[in-house]
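One structure is given below, encoded as structure tokens.
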Amino acid sequence: MTIEEQVKLLKQSVEEIVPEDKLIEKLKKAEKTGKPLRIKYGIDPTGSDVHIGHLVPIRKMRQFQDLGHTGVIIIGDFTAQIGDPTGKNETRPPLTAEQVKINSEKYMEQLYTVLDKDKTEVRYQSEWFGGMTMADVIKLMGKFTLAQFLAHDTFRKRYENGLPLGMHEIMYPILQGYDSVAVEADIELGATEQKFNLLAGRDMQRYFGQEEQVAIMSPILLGTDGVNKMGKSLNNYIAVFDTPKDKYGKVMSIPDNLITNYFNYATNYTPQEIKEIEKRLASGENPKNMKQELARAIVSIYHGQEAGLAEEKAFNEVFAKGKLPDDIPEFAFAEDKLWIVKLLTDTELCKTNGEAKRMLKQNAVSINGDKINNPDLEVELGQEIIVKVGKRRFAKIIKK
RNA sequence: GGAGAGGUUCCCGAGUGGUCAAAGGGAACAGACUGUAAAUCUGUCGGCGAAGCCUUCGGAGGUUCAAAUCCUCCUCUCUCCA
């Protein structure tokens, strides 16, 4: 691939590259010297699920790897204790070494669904921060001014709105910045909200006499609600560990206006193919078709093409034709009769009796296809019955 | 260190002795309509087999027949002054 072709590919689905001309220079240099570029991406091993929003930059890393470069994943065992101020203001409890290990292994397992393991280097912040002295820390902090931090939107907003802002939080960009020095990063990947932190890396490298890294920023993927950024706290995310069925269903529940966005940032569709999708959307074709294609594509990435097709078929059976899914959880009871509310909670279709009664009252419950709304009903447990709550909660009840 | 303002349910936010499981909004959930889309309308939104009772308004005590509300101590946050 020529450098131009490489640049074109690498610029796909990217929001901003700072500075762009340096990227070309670095690629040229790598080609000339045969020395792969070091592509950095940092994660905090806090133990949360990896979702497809996280994977936008990770997929970019994979592209670099396919071009022969090295992916460097930084396990932020120090920054994890701060909590990224660009997100929410939570002060996090320190993690034990053991937790860090468990979390980061789980993390890597998820990232390797995308990354090329042979071209990935995993590094821990504790490798370089663990042995630092207070004098070293003071020196690092002296590289930045308070004004620089207050110029940063998230710090400023929190300050102006009278929200708590811990002194330790300003350490976050400093630590992340120094990581780039420690691993001699050529490129750092991150979401656009990471801009400040990525640029801090450039500053740090300059102070330490290194060639500055290029920051490549991916757009922030919106969650399935179509409003907020994809994230754990809002429960609007599609996780790597989600079942194929959940992935498919979650994609189907996104608002239509997110379709091209997801094609762009969550699939391997080429710009040309995406243009096709856009054309079809504009032509008045039912967006549901494209959404199904999207759901199939996303499932296929993580579970293979067959799984994608299988989920699509299952989805159509259950939701379009109203048939039963083939993987209904089964529960066996010894009783002859069971109070409907108890049945719903025992089968975990509802969390509490209150919820069960509410569902009954709201006409959301059916047994063998018949709507039930009598909260006092004693259900006969003779033969096998199928209980359904809402659109997607099923249970099969059999006699023990 | 001084002065002031605050901490309410998933989130924002009202509530200053009983009528408070706590207004309103958002989120979420369910129903109708659909395409597990959007918009709209309706309903629900601490727990208990539902009677009443139990748990919940930063924490611990106290006053009172009765406390989110009053008192004491503690704790956390913000603002202003050093």
Side-chain angles (χ1 to χ4, degrees), chain A residues 87-91 155-169 222-238 242-263 277 280-281 284-296 298-299 311-325 335 337-346 348-366 370-379 387-394:
Chain A
K88 286 204 176 141
N89 59 328
E90 307 165 55
T91 302
F155 286 120
R156 199 190 63 236
K157 272 195 186 131
R158 273 171 61 192
Y159 183 67
E160 283 174 355
N161 294 334
L163 295 168
L165 181 55
M167 290 295 288
H168 68 299
E169 293 187 66
L222 288 177
T224 51
D225 55 12
V227 180
N228 301 100
K229 147 188 178 195
M230 185 173 281
K232 177 134 190 161
S233 51
L234 289 162
N235 200 26
N236 61 355
Y237 64 99
I238 300 173
D242 276 340
T243 62
K245 189 186 170 142
D246 280 343
K247 285 197 186 81
Y248 197 96
K250 284 181 184 181
V251 174
M252 288 311 286
S253 76
I254 65 167
D256 290 351
N257 56 24
L258 242 56
I259 294 175
T260 40
N261 190 278
Y262 271 45
F263 266 115
I277 297 285
R280 284 168 64 195
L281 281 168
E285 184 179 341
N286 189 343
K288 186 196 162 207
N289 300 343
M290 276 67 90
K291 217 195 276 185
Q292 286 207 288
E293 186 172 336
L294 175 67
R296 197 194 326 135
I298 289 178
V299 171
E311 282 314 320
E312 179 159 289
K313 190 162 166 260
F315 179 90
N316 286 335
E317 293 281 312
V318 175
F319 293 103
K321 296 180 193 159
K323 288 190 186 162
L324 296 170
E335 295 88 339
K337 276 187 167 182
L338 196 58
W339 181 37
I340 180 70
V341 172
K342 185 128 178 42
L343 182 72
L344 292 173
T345 50
D346 281 358
E348 288 162 9
L349 290 171
C350 295
K351 282 195 205 71
T352 63
N353 287 13
E355 188 190 352
K357 290 186 181 178
R358 206 178 307 135
M359 290 303 163
L360 285 160
K361 191 175 160 194
Q362 303 192 131
N363 257 319
V365 180
S366 69
D370 301 323
K371 289 274 181 195
I372 304 290
N373 52 25
N374 173 11
D376 299 317
L377 184 75
E378 295 287 334
V379 183
V387 183
K388 184 181 178 192
V389 177
K391 273 180 224 154
R392 50 202 110 147
R393 281 179 264 174
F394 295 89

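With respect to E285(A) and R280(A), a salt bridge is recorded, a charged nitrogen being found less than 4.0 Å from a carboxylate O. The pair E355(A)-R393(A) meets the salt-bridge criterion, since a charged nitrogen lies less than 4.0 angstrom from a carboxylate oxygen. A salt bridge is absent between K337(A) and E378(A): the closest approach of a Lys/Arg side-chain nitrogen to an acidic carboxylate oxygen does not fall below 4.0 angstrom.
Nucleotides G15(B) and G24(B) have their C1' atoms positioned 11 Å apart, rounded to a whole Å. On the P atoms, C57(B) is 13 Å away from A67(B), given to the nearest whole Å. Taking atom P on both U9(B) and G59(B), the two are 10 Å apart, rounded to the nearest angstrom. Comparing C45(B) with A27(B), their C1' atoms sit 11 Å apart, to the nearest whole Å. To the nearest whole angstrom, the two P atoms, one in C65(B) and one in G2(B), are 37 Å apart. The C1' atoms of A3(B) and A68(B) are separated by 27 Å, rounded to the nearest whole Å. U63(B) and C76(B) have their C1' atoms separated by 26 Å, given to the nearest Å. Only the P atoms considered, G7(B) is 12 Å distant from C12(B), to the nearest whole Å.
Checked against salt bridge (Lys or Arg N to Asp or Glu O under 4.0 Å), D246(A) has no partners two or more places apart in sequence or in another chain. For the salt bridge (Lys or Arg N to Asp or Glu O under 4.0 Å) test, no residue two or more places apart in sequence or in another chain qualifies with K391(A). Qualifying salt bridge (Lys or Arg N to Asp or Glu O under 4.0 Å) partners for D225(A), counting only residues two or more places apart in sequence or in other chains: none. In this structure, N363(A) has no side-chain hydrogen bond (donor to acceptor under 3.5 Å, both in side chains) partners at least two apart in sequence or on a different chain. Listed by chain and residue number, nothing satisfies the ring pair (Phe, Tyr, Trp, His ring centres under 6.0 Å) test with Y159(A) (two or more places apart in sequence, or in another chain). With sequence neighbours excluded, the residues forming a salt bridge (Lys or Arg N to Asp or Glu O under 4.0 Å) with K321(A) are E317(A), listed by chain and number. With sequence neighbours left out, the ring pair (Phe, Tyr, Trp, His ring centres under 6.0 Å) criterion links F315(A) to Y248(A), F319(A).
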Distances for protein N or O near nucleotides 3-13 of chain B N or O, under 3.5 Å:
none

Below 3.5 Å is the cut-off: list the nitrogen or oxygen pairs between protein and nucleotides 22-28 of chain B, distance only.
none

Provide a list of protein-nucleic acid N or O atom pairs under 3.5 angstrom, restricted to nucleotides 77-82 of chain B.
none

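Both the sub-6.0 Å distance and the 45° axial angle are not jointly satisfied by K229(A) relative to the ring of Y237(A).
Pairing partner, A27(B): none, since no Watson-Crick or wobble contact has both distances short of 3.5 Å. With a cut-off of 3.5 Å on both Watson-Crick or G-U wobble distances, the partner of U56(B) is given as none. When both pairing distances are held under 3.5 Å, C20(B) makes no Watson-Crick or G-U pair with any nucleotide shown. Pair assignment for C78(B): G4(B), on the basis of Watson-Crick or G-U wobble contacts that are both within less than 3.5 Å. Figure legend. U69(B) is base-paired to no nucleotide; pairs are counted as Watson-Crick or G-U wobble with both atom distances under 3.5 Å. Across all strands shown, A39(B) has no partner, as no Watson-Crick or G-U wobble contact with both distances under 3.5 Å is found.
Applying the side chain to side chain donor-acceptor pair (under 3.5 Å) test to residues at least two apart or on different chains, the pairs with a partner in residues 251-263 of chain A are D256(A)-K291(A).
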Summarise protein proximity over nucleotides 29-37 of chain B in one line of letters, 5' to 3': B for base, S for sugar-phosphate only, - for none, counting protein heavy atoms closer than 4.0 Å. SSS--BBBB
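Taking CD of E311(A) as the start and CG of N316(A) as the end, the distance is 11.0 Å to the nearest 0.5 Å. Summarising the geometry, atom CD1 belonging to I372(A) is positioned 15.5 Å from atom CE belonging to M359(A); distances are rounded to the nearest 0.5 Å.
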